Protein chains: 2
Amino acid sequence: MTEIERKLDSNGIRPTAMRILIYKYMAEKNNALALTDVEQAFLKAERTTLYRTIKTFEEKGIVHQIDDGTGVLKYALCEPGCNCEIDRDLHLHFHCNSCDKTICLTQHKIPHINLPEGFMAEDANLVVKGICDSCSAY
Amino acid sequence: MTEIERKLDSNGIRPTAMRILIYKYMAEKNNALALTDVEQAFLKAERTTLYRTIKTFEEKGIVHQIDDGTGVLKYALCEPGCNCEIDRDLHLHFHCNSCDKTICLTQHKIPHINLPEGFMAEDANLVVKGICDSCSAY
DNA sequence: TTATTAATTGCACTTCTGTTGCATTGTTTA
DNA sequence: TAAACAATGCAACAGAAGTGCAATTAATAA
Ligand SMILES: [Mn+2]
Ligand SMILES: [Mn+2]
Ligand SMILES: [Zn+2]
Ligand SMILES: [Zn+2]
């Protein structure tokens, strides 16, 4: 049993061949991925299978969904300390206007926002857009 | 020439009947609206016309688009002091999980976020989700 | 091991939102 | 008034997300 198989198994996900491949693929990328990205990487696989695999990962808490404002949902593996199912891991996300990649800034938490009287915060989403480190390195 | 006609005109928008109606409708709502919301309010109007009207408003800088994370784009009139075209008016938005309305918190600006080395911010989007003042008033 | 049951995958199809092309109608300007 | 331009109506398209169901595959009980 490999590292990945153990990871999936311990989260109540049956480690099928497809799931292991997708997990591995997501793990080796350091940016968030859209379903179409995964599709491109596994051209012979069914879109629905990829879709449901990612959804399963999400439900089981090993992947979180990111709305980066592009209109396409992105997904990224949860970092070791990420507790996105428990009380939502409020780290921010960065979307590069140049390379179009979206990445998790896991250690950058969303600052506390004080709201007007009567408003109660339960969750928050902060996306910063600009130029990423790779693209600004010229 | 009414107030609204003057407003449209001064922003380079020809004040047609439809545009005046839509502007009026958006002005009397205090929450952001989806295209479908406007559609519901003007059942006899063409969706495309509504769509293009809003887009025109946006281009001319009297309306700004809001991505509240619901997957449906929302639009709201810019407040008097809003300079969303110039350098992006970075106020935050609140989405109520109860009534599903999204509102502009115009005076609540997005706090400055310091990013890792090499990252340059150009824009930001902050959406806080929770319970709005109307819904919490029980 | 074999039969039964449950989970996963493949395929087809649907819904929703956003968007565009183009002909028609309406408005402005020479 | 005629030409030029802008707005609208209608049709159709594109992309993403999601569902139903049959066919496979894997797990479990007998
Ligand atoms: Mn993340
Ligand atoms: Mn706003
Ligand atoms: Zn980049
Ligand atoms: Zn509410």
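A, B, ... follow the sequence lines: proteins, then strands. Residue 1 opens every chain. All values below were derived from every heavy atom in this structure, side-chain atoms included, with hydrogens, water molecules and symmetry-related copies excluded. Since the model is a prediction, treat every value here as computed from it, not as a measurement.
Looking at A:K129, its side chain does come within 3.5 Å of a backbone N or O of A:D68 through a donor-acceptor pair. A distance-only check finds a donor-acceptor pair linking the side chain of B:N125 to the backbone of B:D67 [under 3.5 Å].
Counting non-hydrogen atoms of other residues, nucleotides and ligands closer than 6.0 Å to NZ of B:K109 gives a total above 12.
Rounded to whole angstrom, the span from the NZ atom of B:K55 across to the C1' atom of D:dT8 amounts to 18 Å. Atom pair B:E46:CD and C:dG18:P shows a separation of 16 Å (rounding to whole Å applied). Atom CZ of B:R19 is separated from atom P of D:dA6 by 11 Å (rounded to the nearest Å). Between the P atom of D:dA17 and the CD atom of A:E39 lies a distance of 10 Å, rounded to the nearest Å. Rounded to an integer number of Å, the gap from A:F57 CZ to C:dT8 C1' is 13 Å. Going from atom CG of B:L50 over to atom C1' of D:dG9 covers 11 Å, rounded to whole Å. We find that CG of A:L21 is positioned 11 Å from P of C:dT9, with the value rounded to whole Å. Between the CG atom of B:L43 and the C1' atom of D:dG9 there is a distance of 16 Å, given to the nearest Å.
Here B:R52 lies in heavy-atom contact (under 4.0 Å) with a base. At the heavy-atom level, B:T48 lies under 4.0 Å from base atoms of the strands shown. Note on B:T36: only backbone sugar-phosphate atoms sit closer than 4.0 angstrom, heavy atoms only; bases stay farther off.
Among the nucleotides C:dG18, D:dG9, D:dA26, the one closest to the side chain of B:L73 is C:dG18. Closest contact between the side chain of B:T53 and the listed nucleotides D:dT8, C:dT17, C:dT8 involves D:dT8.
Taking the centre of each ring, A:Y25 and A:F42 come in below the 6.0 Å mark.
At the phosphate of D:dC10, neither OP1 nor OP2 sits under 4.0 Å from any side-chain N or O atom of B:R47. Note on A:T16: every side-chain N or O is 4.0 Å or more away from OP1 and OP2 of C:dT8. Within the 4.0 Å cut-off from OP1 or OP2 of D:dG18, at least one side-chain nitrogen or oxygen of A:Y51 is found.
DNA chain C is contacted by both B:A34 and A:I13; A:I13 maps to the nucleotide lying nearer its 5′ end (nearest heavy atom per residue). Between B:R14 and B:V72, the one whose closest nucleotide on DNA chain C sits nearer the 5' end is B:V72.
Checked options B:H91, B:K74, B:E58; the residue passing with B:H64 is B:H91 (criterion: side chain to side chain donor-acceptor pair (under 3.5 Å)).
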